[in-house]
S.K.: 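Have a look at this one before I ask anything.
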Amino acid sequence: MQTQTYDIIIRNADVIDGSGTAPYRADIAIADQKIVAIAPALSLHGNQILDATGLAVAPGFIDVHTHDDREVIDTPTMLPKLTQGVTTVITGNCGISLSPWLADKAPPAPLSLIGTQKDYRYASVQDYAKAVKQAQPAVNVGILIGHSTLRVNAVADLQRGATSDEIKIMQDLLAEGMHAGALGFSSGLFYQTSKAADNAEVIALAKISAAAGGVYTSHIRDEYNGVLDALAEACDAGKEAQLPVILSHHKCAGPANWGRTTETLAYVSERRKTQAVGLDAYPYTAGSTVLDPDYVDGIIRIMISFSQPYPEMQGRDLSDIAAEWQVDQKEAARRLHPAGAVYFQMREDDVERVLSYPHTMIGSDGLPHDSHPHPRLWGAFPRVLGHYSRERKLFTLAEAVRRMTTLSADHFGLKQRGRIALNCWADLVVFDPATISDQATFASPKQAATGIHWVLVNGAIALANGTINVKRHGRLLDRHAERYV
């Protein structure tokens, strides 16, 4: 009897299949971009053997919260993500997406976080999807369509709610994007571009996503004192529009709210009894976004991630800059503007409580265009596996992997990704559970993780011991194709 030979064999690995169950030892065979056999260790034969003895193999990690919209086109090697074991990114979070908008002016904050006027050149999501396919990034890309992006197209004055005619324009743009394969709709009511929108405006748009089988992700209106009301608003929108809600980067921000995750998570659990609610988080006590003088309180540490008028201030603390300039921190923030910042606004027990919540997905929320970015851009996923699972023991390794794979795939309707099973796409990461560790720090954020040996995307080796494959195999994840395979 002739022995079958496969394209690639991952040999003698501890298989962490994404379900949360205990690892098991096996060989995995890959052919035609899919997982085609899972068999007892050392029993399969292939043209290429990856010896994973002493290593774990998991589904490729799904970064559910990114701002990689432009990065996947301009820098398609996607090194910050591949070196973490990430094989799929979800773009367009927080109401900020690169499409649909053919910009006729400089993008206001926070749209400026991902591009300048020349970058907003995709009048439709279909045009953006074509550009992603042409760039052929090294990772898979799923698209969300941002509320703020829709508003700059349609709403004449962003400081007010949309009129019925303006809502219709946004609905039509969103419907086109959903037809083009987007996974859903995102909002960021926290930001000036969308703050004036009431929940009726959000619901009118969320219903378009719902009709197409999409999701609604929300950077809620207030993560500070009004966090419970803001959570209620987001959940109410999902319930009214009849679609799943995903609460972005869940936190209780500012010293006055430290400890309140006991309340917020209890609230989420209560809402989950009657509707589909998920959440994502990053494993750090600091967040990062535009520098806003209104959120400069003189109490928490704030570090500058970029400044257009003062680029030399990147990586420095706002308090030191203010002292050097002999002004208060709010005035220093105004002078630095337009700028980005890292806000040390959370407490560690809250971060651990959110990460430990069984329905929390992992998302990096990294900002790839910041000159001195938050370290989550390069380190979020290895930090969960190394620091929070292996060292802090918040959850088992298998459970940590579940929050990065099947949980994420199921929330976003990616039927054959995020799991190791027959006929699933061969998005895989081989790593050393004993050594995997984030190396990116707030002082030196652009550092690749250690402990990742191989990353495979759609059945091809994308990263081998730190070396990138020049041929890229990522795909645009069309909602229609992914959900009904």
Side-chain angles (χ1 to χ4, degrees), residues 20 61-67 89-90 92-95 142 144 183-190 202 206 209 214-224 226-239 241 243-253 257 259-285 287 289 345-347 349-366 376 380-381 383-384 388 394-395 399-414 418:
F61 307 139
I62 299 171
D63 191 345
V64 298
H65 194 109
T66 85
H67 297 285
V89 298
I90 308 294
N93 282 278
C94 300
L144 297 172
L183 302 178
F185 164 65
S186 78
S187 72
L189 300 177
F190 167 82
V202 172
S209 180
V215 300
Y216 168 48
T217 74
S218 176
H219 176 157
I220 60 175
R221 196 179 293 274
D222 188 353
E223 295 175 323
Y224 291 79
V227 63
L228 281 175
D229 287 343
L231 287 173
E233 179 183 40
C235 292
D236 287 350
K239 193 163 191 176
L243 83 172
V245 177
I246 295 162
L247 304 166
S248 295
H249 44 56
H250 184 56
K251 67 174 77 71
C252 290
N257 300 294
R260 292 188 66 197
T261 52
T262 53
E263 297 172 58
T264 61
L265 294 173
Y267 182 81
V268 171
S269 292
E270 191 61 31
R271 294 298 296 243
R272 281 180 53 83
K273 293 176 182 177
T274 57
Q275 65 181 114
V277 181
L279 64 159
D280 66 62
Y282 46 80
Y284 299 86
T285 55
T289 185
Q345 59 192 8
M346 290 164 274
R347 197 169 68 189
D349 63 325
D350 283 316
V351 171
E352 293 197 359
R353 197 173 291 118
V354 173
L355 290 175
S356 298
Y357 187 65
H359 307 292
T360 300
M361 298 173 279
I362 305 303
S364 70
D365 196 15
R376 63 193 181 184
F381 290 80
R383 183 168 175 78
V384 170
Y388 284 107
L394 289 193
F395 28 62
E399 177 60 17
V401 167
R402 184 186 73 85
R403 284 131 184 279
M404 306 172 171
T405 57
T406 54
L407 185 65
S408 307
D410 290 348
H411 271 293
F412 285 90
L414 309 177

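In this chain, numbering begins with 1 at the start of the sequence shown.
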S.K.: Would you mind checking if Arg271 and Asp236 are paired as a salt bridge, meaning a charged N to carboxylate O distance below 4.0 Å?
M.R.: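 The answer is yes: the pair qualifies as a salt bridge.
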S.K.: Quick check: closest heavy atoms across Phe381 and Met404, and the distance to 0.1 Å?
M.R.: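 What the structure gives for the nearest pair is O-CE, 3.4 Å.
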S.K.: So, does Thr264 use its side chain to make a donor-acceptor pair with the main chain of Thr261 at under 3.5 Å?
M.R.: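 Judged by distance alone, yes, a pair lies under 3.5 Å.
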S.K.: How close do Asn93 and His67 get, counting heavy atoms only, and between which atoms?
M.R.: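 In terms of heavy atoms, the two residues are closest at O-CE1, 3.4 Å.
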S.K.: Give a yes or no on whether the backbone of His249 and the side-chain of Asp280 come within a donor-acceptor separation of less than 3.5 Å.
M.R.: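 Such a contact is found between Asp280 side chain and His249 backbone.
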S.K.: Please determine whether side-chain contact (heavy atoms from CB on, under 4.5 Å) holds for the pair Glu233 and Val202, giving the CA-CA distance in whole Å, both sets of side-chain angles, and the decisive distance to 0.1 Å.
M.R.: CA-CA 10 Å; Glu233 179 183 40; Val202 172; over 6 Å; no
S.K.: What are the two closest heavy atoms between Val384 and Ala400, and how far apart are they?
M.R.: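 For Val384 and Ala400, the tightest heavy-atom pair comes out as CG1-CB, 4.2 Å.
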S.K.: Between the main-chain N or O of Ser364 and the side-chain N or O of Asp63, is there a donor-acceptor pair closer than 3.5 Å?
M.R.: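 Yes.
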S.K.: Scan Leu407, Leu279, Val268 and name whichever one has a side-chain contact (heavy atoms from CB on, under 4.5 Å) with Thr360.
M.R.: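 Output: one option passes, namely Leu279.
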S.K.: Is the closest side-chain heavy-atom distance between Cys94 and His65 below 4.5 Å?
M.R.: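 Yes. Closest side-chain heavy atoms under 4.5 Å.
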S.K.: Are Arg260 and Leu228 packed together at the side-chain level, in the sense that at least one heavy-atom pair is separated by less than 4.5 angstrom?
M.R.: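 SC-SC contact between Arg260 and Leu228 confirmed.
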S.K.: Quick one: does any side-chain atom of Arg403 pair with a main-chain N or O of Leu355 as donor and acceptor, under 3.5 Å?
M.R.: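 Side chain of Arg403 to backbone of Leu355, a donor-acceptor pair under 3.5 Å: yes, one is there.
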S.K.: With a 3.5 Å distance limit and no angle check, can you tell me whether Gln275 reaches the backbone of Cys235 through a side-chain donor-acceptor pair?
M.R.: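 Yes.
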S.K.: Shortest non-hydrogen contact from Leu144 to Phe185?
M.R.: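 Looking at all heavy atoms of both residues, the shortest contact is CD2-N, 4.2 Å.
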S.K.: Tell me, do Ser269 and Tyr357 make a side-chain contact under 4.5 Å, heavy atoms counted?
M.R.: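 Yes, side chains in contact.
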S.K.: Quick one: which residue pairs count as a salt bridge (Lys or Arg N to Asp or Glu O under 4.0 Å) with a foot in residues 354-363, not counting sequence neighbours?
M.R.: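 Checked against salt bridge (Lys or Arg N to Asp or Glu O under 4.0 Å) - neighbours excluded - no pair reaches residues 354-363.
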S.K.: Quick check: do Phe412 and Thr217 have side-chain heavy atoms less than 4.5 Å from each other?
M.R.: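 Counting from C-beta outward, Phe412 and Thr217 do come under 4.5 Å.
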S.K.: Would you call Leu247 and Ile220 a side-chain contact if the rule is heavy atoms closer than 4.5 Å?
M.R.: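 Yes, at least one pair of side-chain atoms sits under 4.5 Å.
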S.K.: Quick one, His411 and Val64 - any side-chain contact, counting heavy atoms below 4.5 Å?
M.R.: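 No, too far: nothing below the 4.5 Å cut-off.
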S.K.: Is there a donor-acceptor pair under 3.5 Å between the side chain of Thr66 and the backbone N or O of Ile90?
M.R.: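 Indeed, once roles are kept as given, a pair shorter than 3.5 Å links the two residues.
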S.K.: With sequence neighbours excluded, tell me which residues meet ring pair (Phe, Tyr, Trp, His ring centres under 6.0 Å) with Phe190.
M.R.: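 Testing Phe190 for ring pair (Phe, Tyr, Trp, His ring centres under 6.0 Å), a comparison that skips the adjacent residues, returns His219, Tyr295.
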S.K.: Would you find a donor on one side and an acceptor on the other, under 3.5 Å apart, between the side chain of Arg383 and the backbone of Tyr282?
M.R.: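 Answer holds: no.
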S.K.: Compare every heavy atom of Tyr216 with every heavy atom of Ala234, then report the nearest pair and how far apart it is.
M.R.: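 In this case the closest contact between Ala234 and Tyr216 is O-CE2, 4.0 Å.
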S.K.: For the residue pair Tyr284 and Met346, what are the closest heavy atoms and their distance?
M.R.: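 Taking Tyr284 first and Met346 second, the nearest heavy atoms are O-CE, 3.8 Å.
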S.K.: Kindly determine whether His359 and Val277 satisfy side-chain contact (heavy atoms from CB on, under 4.5 Å), including the steps that lead there.
M.R.: CA-CA 9 Å; His359 307 292; Val277 181; over 6 Å; no
